[in-house]
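Below is one structure; the comments refer to it alone.
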2 protein chains.
Amino acid sequence: MRLTTKGRFAVTAMIDLALRQNNGPVTLAAISQRQQISLSYLEQLFGKLRRHELVESTRGPGGGYSLGRKAAEITVADIIVSVDEPIDATQCGGKENCLGEGNRCMTHELWAALNAKMVDFLDSVSLQSLVDEQLAKGVVVENAPMIKRAISSAPVVKPIRVNAPNSVFALGGAAFSK
Amino acid sequence: MRLTTKGRFAVTAMIDLALRQNNGPVTLAAISQRQQISLSYLEQLFGKLRRHELVESTRGPGGGYSLGRKAAEITVADIIVSVDEPIDATQCGGKENCLGEGNRCMTHELWAALNAKMVDFLDSVSLQSLVDEQLAKGVVVENAPMIKRAISSAPVVKPIRVNAPNSVFALGGAAFSK
DNA sequence: GGTATACTCGATCAAAATAGTCGGGAAAGA
DNA sequence: TCTTTCCCGACTATTTTGATCGAGTATACC
C-alpha cells in the first residue's frame with residue numbers, strides 16, 4: 001500500500017464531496033476553495049478517480065462530480081489505489097524464485113506481511129465512516145443554494161504551497177509492494 | 001503518518017535484524033546482502049534508528065547492530081516515525097483558526113480522523129509479531145557461524161535500482177499530517 | 001446560435017523526496 | 001598496526017509531487 005500526500009488530498013477531497021453531494025454535483029472549483037487544493041491538481045486526481053469509477057462527472061452549468069457509488073461502499077484503500085495507480089507490485093515479478101539462491105525473494109516476503117495488514121486495514125475504513133465522524137464533530141455543511149449559478153466572482157484562491165512537506169505522519173512516496 | 005519505501009526498507013531491515021540478533025550483533029553488510037538494500041543507504045537509516053534508540057551499535061570486528069529493546073516493545077509506527085522524522089505535522093500550525101473564515105482548517109480536520117486511525121493501527125503492530133509471522137512461515141535463519149570472521153570475500157552485491165518505484169501498494173512520499 | 005460553465009486532456013515545470021555514491025574518519029579487536 | 005565495522009557529511013541522479021498553462025468538448029440556458 002502506497003500512501004502519499006496525493007492520497008491525502010484525494011481522501012480529503014472525497015470526504016468533502018461526500019459531505020455535500022446531496023445538493024447535486026459538486027464542482028472542483030468549490031472543493032478547491034474549501035480544501036485549499038489547486039484546481040488543476042484536483043482535475044488530475046479526479047481524472048483518476050473517475051477512471052476507477054469512484055466518482056461520476058456531469059458537464060456543463062450545474063455540473064460537477066458525484067460519488068460513483070454509495071459512500072459506504074467506497075473504502076479508503078479504493079481511493080488511495082486509484083490515485084497511486086501503479087500496477088507492478090512485487091519487485092521480483094510475483095513468482096517464487098527471484099534470486100536463485102534458495103531464498104526466494106526474502107526482501108519481498110518480509111514486507112508482504114505488514115503490507116497485507118495495511119491493505120486490510122485501509123480497506124476496512126469506508127468513506128461513509130469518515131463522513132459520519134465529521135458530522136458527529138459538528139462540521140457545518142452549507143445547505144443547498146438552490147439558486148444555480150450564484151455569485152460568479154468569488155475571489156480566486158491562489159494556494160501557495162501550503163502543504164506540510166514533511167508532516168510527522170505523512171503518507172510518503174514509495175512502496176508497500178504488492 | 002507518513003509511509004515511504006524508506007519506511008519499507010527500515011521495517012524490512014529491522015525484521016531481518018530481529019530474526020538474527022541472537023547470534024550477536026548483525027552487520028549492515030549482511031543485511032545489505034540479504035535484503036538487497038545499498039549499504040550506504042542502510043547506514044543512513046540505521047543512523048536514525050540509533051538516534052531514536054531503536055537499535056544499538058557495536059564497533060569493530062564482530063560488531064554490528066542489535067535491537068535497542070525487545071522486539072515486542074518496538075512497533076512499526078516507531079520505526080517509520082524514526083526514519084521519516086519530520087516534526088511539523090499540521091499545515092496550519094496546530095491551532096484552531098488557520099483560515100480566518102470561520103472554518104478552522106477544515107482540510108486538516110478532515111484528514112486528522114483517518115490519520116489517527118493509521119497511527120493507532122501501526123502502533124498496534126509490533127516487530128515481534130512480524131518476526132513470529134516469518135518464523136511461522138518457516139523462514140530459515142542460518143544458525144550462528146560461531147567462527148567469527150568467516151569467508152571474507154563474499155561477492156559484493158551491487159544493488160541496481162531494484163526497488164519497485166511504483167508498486168501498487170507502495171508507501172508513498174508525503175503527508176498524513178499530525 | 002452564442003455564451004458561460006464545467007469537465008478533459010496533454011505538455012511542461014520547480015521543488016522536494018528518494019535512493020544511492022563517495023570519501024574520510026573513529027572505535028575496537030586481533 | 002591492520003582490519004573490521006560503525007559514523008558522518010557532502011554530493012548526485014532519478015522520481016514524485018504539486019502546480020501551471022493552454023487547448024479542447026459537452027451541456028445548459030438565454
I want to verify a distance call: between C/dC22, D/dA28, D/dT17, whose nearest atom is closest to the B/S40 side chain? C/dC22

From B/L54 CG over to B/S82 OG, what is the distance, rounded to the nearest 0.5 angstrom? 4.0 Å

Rounded distance in Å - CD1 (A/I37) to P (D/dT20): 13 Å

D/dC7 P sits how many Å from B/L42 CG, rounded? 13 Å

Where the side chain of A/L28 is concerned, which of C/dC7, D/dA19, D/dT27 is the nearest nucleotide? C/dC7

Report the distance from atom CG of B/L3 to atom P of D/dT16, rounded to the nearest whole Å. 17 Å

Suppose we screen for side chain to side chain contact (heavy atoms under 4.5 Å, CB included). Which residues come up paired with B/E43, at least two apart in sequence or across chains? B/L28, B/L39

According to a strict under-4.0 Å criterion, is A/S57 in side-chain N/O contact with OP1 or OP2 of C/dT8? yes

Tell me whether B/E53 contacts the main-chain N or O of B/R50 through its side chain, where contact means a donor paired with an acceptor under 3.5 Å. no

Rounded to whole Å, how long is the line connecting atom CG of A/L39 with atom P of C/dT5? 14 Å

Calculate the interatomic distance between A/K6 atom NZ and C/dT18 atom P; express it in whole Å. 15 Å

Interatomic distance, CZ@A/R20 vs CD1@A/I15, rounded to 0.5 Å, equals 11.0 Å

Rounded to whole angstrom units, what separation is found between the OH atom of A/Y65 and the C1' atom of C/dA6? 9 Å

When you measure from the side-chain N and O atoms of B/R50 to the phosphate of D/dC6, is any distance below 4.0 Å, counting only OP1 and OP2? no

Length of the CG-P vector between A/L45 and C/dC7, whole Å: 13 Å

Using atom CD of B/E56 as one end and atom P of C/dA27 as the other, report the distance to the nearest whole Å. 18 Å

Below 4.0 Å: OP1/OP2 of C/dG20 and any side-chain N or O of B/Y41: no

Need to verify one output field. Residue with the more 5' nearest nucleotide on DNA chain D, B/E43 or B/G60? B/G60

Of the listed nucleotides (C/dT21, D/dC6, D/dT4), which one gets closest to any side-chain atom of B/P61? D/dT4

Relative to the 5' end of DNA chain C, which residue comes earlier, B/Q44 or A/R59, by the nucleotide with the nearest heavy atom? A/R59

For residues 64-81 of chain A, which side-chain donor-acceptor pairs fall under 3.5 Å, sequence neighbours excluded?
{"from": "A/R69", "atom 1": "NE", "to": "A/E73", "atom 2": "O", "distance (Å)": "2.8"}
{"from": "A/R69", "atom 1": "NH2", "to": "A/E73", "atom 2": "O", "distance (Å)": "3.4"}
{"from": "A/R69", "atom 1": "NH2", "to": "A/D78", "atom 2": "OD2", "distance (Å)": "3.1"}
{"from": "A/T75", "atom 1": "OG1", "to": "A/A77", "atom 2": "N", "distance (Å)": "3.3"}
{"from": "A/T75", "atom 1": "OG1", "to": "A/D78", "atom 2": "N", "distance (Å)": "3.1"}
{"from": "A/T75", "atom 1": "OG1", "to": "A/D78", "atom 2": "OD2", "distance (Å)": "3.3"}
{"from": "A/T75", "atom 1": "OG1", "to": "A/D123", "atom 2": "OD1", "distance (Å)": "3.0"}
{"from": "A/D78", "atom 1": "OD2", "to": "A/T75", "atom 2": "N", "distance (Å)": "2.9"}

Over all strands shown, is B/F46 touching base, sugar-phosphate only, or nothing at heavy-atom distances under 4.0 angstrom? nothing

